[in-house]
Amino acid sequence: MNRREFLTGATAGAAAFVAASGGPRSCEASGGPRSCAAAYSVVVVGGGPAGACAAIAAARNGADVLVVEQGNCLGGMATRGLVGPFMTCSDTTGEQLIVQGLFMEIVERMVAAGGAIHPRDVRAGTPFTAWITHGHDHVTPFDPEALKFTLDDLCREAGVQILYHATFLAPVMEGARVTGVEVFTKAGPRRIKAKVVIDATGDGDVAFRAGVPCELGDAGRGGAMQPCTTFFRIAGLPEEVLVADYRSHGGGIGKEKDGRGRRLLSWYVEKARAAGKWHIPRPHINLYRGVRNDEWFVNCSRLSNVDATDPKSLSAAETEGRRQVREILDLLRTYLPGGENIRLVSTASTLGVRETRHVAGEYRLDKDDVVNGAVPSDSVFVCSSSIDLHGGKGQSGTLYMRVKKGRWYGVPYRCLVPQKVDGLLVAGRCVSASSVAAAAIRVMPPAMAMGQAAGTAAALACADGVAPRALDAARLVSTLRAQKVFLPG
């Protein structure tokens, strides 16, 4: 069965179920497990960093909101994916925190609960940044469990409804307009209507299946996509142990005589490779200290040539990722003094995917926009995240480019508005951007800012009775400023 036949069958099955059950019903507690909402103002597909913020923002702006999430919690890459810390939220000088709004509110709630360290207190070149300097000033260490609780609380307070363990099947279309979604739950298929749907799937699943033009990977590099990573968390390695090892190797991170970058624990990777015990195409191991002194998030595994929109490719990568986790743990326990006490806390329950589809929007963010610090008048947030294109210099190399002009760049609302299809907004790494530009804004603080913008825009469009494409961008920008989003000018 091909994809078109599958989607046709799934949609037909959902329609048949709805007809047989007398039409969709409300998601009230008294309705039992088979009840489901007939309609919402806004439906957000995907509850990751972008989707969760989109839902909260839409609800706070007066919309009735449903989040459709295939997992069992919100947060996506930040919770189920164990991606940490949140990358920089400051300007290029490190003098000002510029990703504000909902992102900062979430951070401050976690800090108050002891589940995060405020980014103002975290500087580059420290254990919190794996001793990396460029692009890593003012990152935010956080506990994924604290984030789960925080997002639950914020959604409950805003009145957001959440449908967990629900898989998106297909958009409901009326001509070229998305009017809802078909999902599959434990109780069977469901059809949920919406005035506006927000695609926060990361892969652009809603937009793609609605007929929006999409680019898979980087067309300029033959469709190549950034490699994936299986993130994991370890404990039992006190900070002072790793600091002592780092200092014993002369600080380690810098440039060797031949110009090669020398990064954390590369001295042990070289030994393990020589002994035939290292097969991962990475020359170092990034360990980011967590909230607790002996806890670290490990960003090291390298899974190349993965197409995360292909279930076979994705499944194989999940298995290989866990194999690589064991190889990394073996190196740490064998070579790192004190490493024998390391214990594995958890591996990510979903693969860390950096790139799949790029949705074609009304504007396409490009490399020059990032590097030259462009701030269009309809920018819905600004950030200074560097271009961090994994695999951009061969399998194990990374293309890295910083902002050269100004202290930040802006992402315009038009990047969130897809071409050809109405009733739809996108947020997160599937947003309209070139592969190179997307390598800068794919990280979580920008994704959360995009989510806030998309949710706010969706609610305003519903209130004004217009399609998101027709929303007055100046009204959106003004509303975001009033909600503590930092927008200069």
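The chain is numbered in sequence order, starting from 1.
Legend: salt bridge (charged side-chain N to carboxylate O under 4.0 Å, His left out) pairs involving residues 478-489, not counting sequence neighbours: none detected. Legend: side chain to side chain donor-acceptor pair (under 3.5 Å) pairs involving residues 424-437, not counting sequence neighbours, sorted by first then second residue: Asp203-Arg429, Glu355-Ser435, Thr356-Arg429, Asp366-Ser434. Among residue pairs with one or both ends in residues 441-453, those qualifying as salt bridge (charged side-chain N to carboxylate O under 4.0 Å, His left out) are Asp388-Arg442; sequence neighbours excluded. Residue pairs meeting the salt bridge (charged side-chain N to carboxylate O under 4.0 Å, His left out) criterion with at least one member in residues 78-107, sequence neighbours excluded: Arg60-Glu105, Glu69-Arg80, Asp91-Arg407.
Taking CZ from Arg354 and CG from Leu389, the interatomic distance works out to 10.5 Å, rounded to the nearest 0.5 Å. Rounded to the nearest 0.5 angstrom, Gln96 CD and Arg120 CZ are separated by 14.5 Å. Within the model, atoms CG of Asn299 and CG of Leu82 stand 11.5 Å from one another, a figure rounded to the nearest 0.5 Å. Annotation: the span from Ile162 atom CD1 to Asn72 atom CG amounts to 11.5 Å, rounded to 0.5 Å. To the nearest 0.5 Å, the span separating CZ on Arg322 from CZ on Phe232 amounts to 13.0 Å.
Formation of a donor-acceptor pair under 3.5 Å by the Asp199 side chain with backbone atoms of Ala207 is found in this model. A side-chain donor-acceptor contact under 3.5 Å links Gln226 to the backbone of His390. The backbone N or O of Ser90 sits less than 3.5 Å from a side-chain atom of Ser384, completing a donor-acceptor pair. With hydrogens and angles ignored, the 3.5 Å screen pairs no side-chain donor or acceptor of Ser313 with any backbone N or O of Asp310. Ser315 places a side-chain N or O within donor-acceptor distance of the main-chain N or O of Pro311, the cut-off being under 3.5 Å. When atom types are taken as modelled, the side chain of Thr79 and the backbone of Leu74 share a donor-acceptor pair closer than 3.5 angstrom. In terms of modelled atom types and a separation under 3.5 Å, the side chain of Thr229 and the main chain of Phe231 share no donor-acceptor contact. For the pair His138 (side chain) and Pro119 (backbone), a donor-acceptor distance under 3.5 Å is present. A distance-only check finds no donor-acceptor pair linking the side chain of Asp205 to the backbone of Thr201 [under 3.5 Å]. In this structure, Asp64 contributes its side chain and Ser41 its backbone to a donor-acceptor pair below 3.5 Å.
In terms of the salt bridge (Lys or Arg N to Asp or Glu O under 4.0 Å) criterion, Asp369 has no residue partners (sequence neighbours excluded). The salt bridge (Lys or Arg N to Asp or Glu O under 4.0 Å) check on Arg123 picks up Asp137, with sequence neighbours excluded. Judged as a ring-ring contact (aromatic ring centres under 6.0 Å, His included), and not counting sequence neighbours, the contacts of Trp408 are Phe486. For Arg469, the salt bridge (Lys or Arg N to Asp or Glu O under 4.0 Å) partners are Glu362, Asp422, not counting sequence neighbours. Shown here are the salt bridge (Lys or Arg N to Asp or Glu O under 4.0 Å) partners of Asp464, two or more places apart in sequence or in another chain: Arg475. A search for ring-ring contact (aromatic ring centres under 6.0 Å, His included) contacts involving Phe103 returns Phe86, not counting sequence neighbours.
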- Message: With side chain to side chain contact (heavy atoms under 4.5 Å, CB included) as the criterion, how do Val370 and Asp368 come out once you've worked through the C-alpha distance, each side chain's angles and the decisive distance to 0.1 Å?
- Response: CA-CA 5 Å; Val370 174; Asp368 290 343; over 6 Å; no
- Task: Verify side chain to side chain contact (heavy atoms under 4.5 Å, CB included) between Thr92 and Arg402, making sure each step is shown before the conclusion.
- Result: CA-CA 9 Å; Thr92 56; Arg402 286 173 281 172; over 6 Å; no
- Task: Verify side chain to side chain contact (heavy atoms under 4.5 Å, CB included) between Tyr288 and Ile132, making sure each step is shown before the conclusion.
- Result: CA-CA 10 Å; Tyr288 294 88; Ile132 301 169; 3.7 Å; yes
- Task: Evaluate the side chain to side chain contact (heavy atoms under 4.5 Å, CB included) criterion for residues Cys89 and Ile98: first the C-alpha distance (whole Å), next the side-chain angles of each, then the deciding distance (0.1 Å), finally the verdict.
- Result: CA-CA 6 Å; Cys89 59; Ile98 58 174; over 6 Å; no
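Contact detail for Ala459 and Asn61: the closest heavy-atom pair is CB-CB, 3.5 Å. Nearest heavy atom pair, residue Pro49 against residue Met77, reads CD-N, 4.1 Å. Taking every heavy atom of both residues into account, Leu351 and Ala317 meet most closely at CD2-CB, 3.6 Å. Contact between Gly373 and Tyr409 at its shortest, heavy atoms only, is CA-CB, 3.9 Å. The minimum heavy-atom distance between Pro446 and Ser385, with the atom names listed, is CG-OG, 3.7 Å. A pairwise comparison of heavy atoms in Pro418 and Leu425 identifies CD-CA, 4.2 Å as the closest pair.
Contact of the Val477 side chain with the Ser379 side chain is not registered, since no non-hydrogen atoms from C-beta on lie closer than 4.5 Å. With contacts defined as side-chain heavy-atom distances shorter than 4.5 Å, the pair Asp378/Arg414 qualifies. Residues His118 and Met104 form a side-chain contact, since some pair of their non-hydrogen atoms from C-beta on lies under 4.5 Å apart. Side-chain contact between Tyr413 and Met450 is absent, with no heavy-atom pair separated by less than 4.5 Å. Ile198 has its side chain out of reach of Val45: every pair of non-hydrogen atoms, C-beta onward, lies at least 4.5 Å apart. Side-chain contact check for Met448 versus Leu102: every heavy-atom pair is 4.5 Å or farther apart. Looking only at side-chain heavy atoms (C-beta outward), Leu163 and Leu66 come within less than 4.5 Å of each other. No side-chain heavy atom of Val403 sits under 4.5 Å from any side-chain heavy atom of Val371.
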Donor-acceptor pairs under 3.5 angstrom involving side-chain atoms of residues 107-115: please list them, not counting sequence neighbours.
residue	atom	partner	partner atom	Å
Arg109	NH1	Glu157	OE1	3.4
Arg109	NH1	Glu157	OE2	3.0
Arg109	NH2	Glu157	OE1	2.7

Output a table of donor-acceptor pairs, distance under 3.5 Å, between side-chain atoms of residues 168-181 and any protein atom two or more places apart or on a different chain; print 'none' if there are none.
residue	atom	partner	partner atom	Å
Arg177	NH2	Lys195	O	3.2
Thr179	OG1	Val172	O	3.4

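Between Arg233 and Glu295, at least one side-chain N (NZ, or NE/NH1/NH2) sits under 4.0 Å from a carboxylate O, which counts as a salt bridge.
For the residue pair Tyr40/Gln161, the side-chain donor-acceptor check at 3.5 Å is satisfied. Between the side chains of Tyr400 and Ser386, at least one donor-acceptor pair of N or O atoms lies under 3.5 Å.
Because its NZ or CZ atom is not both nearer than 6.0 Å to the ring centre of Phe128 and within 45° of the ring axis, Arg289 does not count as a cation-pi partner of that residue.
Heavy-atom contacts from other residues, nucleotides or ligands closer than 6.0 Å to NZ of Lys367 number 12 or fewer. Enclosure of atom OH in Tyr363 by more than 12 non-hydrogen atoms of other residues, nucleotides or ligands within 6.0 angstrom is indicated.
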